[in-house]
Amino acid sequence: MIDPQILRTDPDRLRESQRRRGESIELIDDLVAADIAKREAQTRFDELRNEQKVLGKQIGPLQGALKKADDDARAQAQAEVDALMAQAQILAEQVKAADAAATAAGEALDALWLQVSNLVNLESPVGGEEDFTVLEEIGTPRDFAAEGFEPRDHLELGELIGAIDVERGAKVSGSRFFYLTGPGAMLEIALLNLAMQQATSHGLIPMITPTLVLPSAMEGTGFLGQAAENVYRIEQDDMYLVGTSEVPLAGYHADEIIDADRLPLRYAGWSSCFRREAGSYGKDTRGIIRVHQFDKVEMFVYCRPEDAEAEHARLVAWEKKFIDALEIPYRVIDVATGDLGSSAARKFDIEAWIPTQGTYREITSTSNTTEFQARRLKIRMRDENGTRPLATLNGTLCAMPRVIVAILENHQQADGSIVIPTALRPFLGGQEVFTPAS
RNA sequence: GGAGGUGUCGCCUAGUCCGGUCUAUGGCGCCGCACUGCUAAUGCGGUUUGGGUUUAUCGCCCAUCGCGAGUUCAAAUCUCGCCACCUCCGCCA
């Protein structure tokens, strides 16, 4: 949610943000009207309620006096009480109606706010999925032609070395599920160790989070808007499977007020992630680039709003350091406004070079969600200026399947073996190569 | 899953039986001021959160006693539902 003050003082800022995202501008007009309606209804209720309380305070003492009154005064006192009671009853009806009206107006307003995405950062390139800006390219893709062989894709390689089994994944769980087997499983564990080693060296707090969450956490992080179709819902218990540990890491401090001197709070969460991948039929059907379940180490930061942009840059730097250690060529892109997702004001993706696709593919994504999630989840900070919402940011450190794809494809040799990046070897007992199973 | 207990403004706590005097008591902590070579101690004042109004301030109004609904002129207090935690029993990785 965006600061309601901006809606009242500068609604054009919201309209401009909506325009850049390609989302509804009329929504802002509705919001302005609903905000006014809500305040009017609330004020009416407040005033009536005040009248009711003033009146109510007179009744108690009068009834006390009535009990003590002697016969002469009784009739008089009784009449006074009756008159007040009659008045109070009318007022009670009005209060009830005004309360209902204010509640309804509030709900209508909240429903509209839930449809509004975060204010985009004005630096973000405007446009759709293809309109990103490339910020930098690092490393050089190998020239397999010069090396004299045709690169195999990650699935072929994974099957060759006995690391990936998608056929049995499909047999047991359906399409887009897979098993990591033998060296594949060991590789994921090694990646987890490297990621957590780097994370802790940066001062992040390691976390293992719930993956099943209540609606409040899902909604608070902005995943029940246009992204809702990609979320698994457990109907029977009204819970959701998270698509990223960003959700439980953001919910961790929900409803809390954090002392500013504890900020920034930085976490590295490890969890399984579940995605329905609705609307991606036919896309990336081969291999493990797009799957329904995978594991991921996610970074999550709570900080002062004024520090958020610097923090965002720090997250990108940590992501780069991780990919650097894996010796994979990549580029960093500044994602365009139309492709940000509802909670991000700005988003940087790292895309790894995938030789058999001849292109870069997303392997990390880091978003500055400013105060958007914090407002929804009621996470505030307290400093010398009082209590106010803080900023949250998230960023991928290691999304297992895609990192594994990038390692296999970029470090393959002509015989189908895989050279293990030096940084991973300590976590694999010093092993240097994955070789094809016989 | 069953039985019992608990839930009050950072922490602890009074208030709930018997509705109005609750504008929620007291202690700790914290902030400000006074006193004071310094610190400590002491004294005085302040200290839930959210919304509205006013905004140069002070202020005023409403909501908030785990959450929600109900009864009532009036609910921390009565009724119902739910949630969380604790103890015990059952089942279980």
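Here is how names work: the chains are called A, B, and so on, in the same order as the sequence lines, proteins then strands, and each is numbered from 1.
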Practice problem: Tell me the partner of C33(B), counting only Watson-Crick (N1-N3 plus N6-O4 or O6-N4) or G-U wobble (N1-O2 and O6-N3) with both under 3.5 Å; none if nothing fits. | Solution: G43(B)
Any idea which of [options] is nearest the [X] side chain?
X	options	result
Arg382(A)	U49(B), U53(B), C62(B)	U49(B)
Lys96(A)	U71(B), U49(B), G52(B)	U71(B)
Arg8(A)	C62(B), G50(B), G52(B)	G52(B)
Gln89(A)	C61(B), C73(B), U49(B)	C73(B)
Met85(A)	U49(B), C73(B), C61(B)	C73(B)
Thr387(A)	G52(B), G51(B), G50(B)	G50(B)

Spacing between [X] atom [atom1] and [N] atom [atom2], to the nearest angstrom:
X	N	atom1	atom2	answer
Lys57(A)	C73(B)	NZ	P	18 Å
Arg39(A)	A63(B)	CZ	C1'	17 Å
Ile258(A)	U49(B)	CD1	P	15 Å
Gln94(A)	U72(B)	CD	P	17 Å
Asp259(A)	C11(B)	CG	P	13 Å
Leu84(A)	U72(B)	CG	C1'	16 Å
Leu214(A)	C83(B)	CG	P	11 Å
Ile36(A)	G51(B)	CD1	P	18 Å

Exercise. May I have the step-by-step check of ring-ring contact (aromatic ring centres under 6.0 Å, His included) for Phe322(A) and His202(A), ending in yes or no?
Key: CA-CA 12 Å; Phe322(A) 184 73; His202(A) 299 139; 10.0 Å; no
Practice problem: Check the angle between the aromatic planes of His292(A) and Tyr232(A) and answer parallel, tilted or perpendicular using the 30° and 60° thresholds. | Solution: perpendicular
Practice problem: Compare every heavy atom of Ala336(A) with every heavy atom of Gly127(A), then report the nearest pair and how far apart it is. | Solution: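 Heavy-atom minimum between the residues: O-CB, 3.5 Å.
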Exercise. Locate the shortest heavy-atom distance separating Leu48(A) from Ala98(A); write the atom from each residue and the value.
Key: CD1-CB, 3.7 Å
Considering only the [atom1] atoms, how many Å lie between [N] and [M], rounded to the nearest integer?
N	M	atom1	answer
C91(B)	A3(B)	C1'	16 Å
A69(B)	G10(B)	P	23 Å
C28(B)	C86(B)	P	30 Å
G26(B)	C17(B)	C1'	22 Å

Shorter than 3.5 Å, N or O on both sides, protein versus nucleotides 74-81 of chain B: list them out with atom names.
residue	atom	partner	partner atom	Å
A74(B)	OP1	Gln52(A)	NE2	3.4

Strictly below 4.0 Å: does [X] bring a side-chain N or O up to OP1 or OP2 of [N]?
X	N	answer
Arg44(A)	C62(B)	no
Asn50(A)	C62(B)	yes
Lys53(A)	C61(B)	no

Quiz item: Looking just at side-chain N and O atoms, do Asp295(A) and Ser272(A) make a donor-acceptor pair shorter than 3.5 Å?
Solution: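 Checked: Asp295(A)/Ser272(A) side chains pair up, N/O donor to acceptor below 3.5 Å.
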Quiz item: For Asp46(A) and Arg380(A), take the nucleotide of RNA chain B holding the closest heavy atom to each; which residue's nucleotide lies nearer the 5' end?
Solution: Arg380(A)
Quiz item: Sequence neighbours excluded, which residues qualify as side chain to side chain donor-acceptor pair (under 3.5 Å) partners of Arg39(A)?
Solution: Asp35(A)
Self-check item: Pair Glu256(A) + Lys378(A): basic N to acidic O under 4.0 Å
Solution: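 Judged by the 4.0 Å cut-off on N to carboxylate O distance, Glu256(A) and Lys378(A) do not form a salt bridge.
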Self-check item: Glu319(A) side chain to Thr396(A) backbone, donor-acceptor under 3.5 Å
Solution: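 Yes, Glu319(A) side chain to Thr396(A) backbone: donor-acceptor pair under 3.5 Å.
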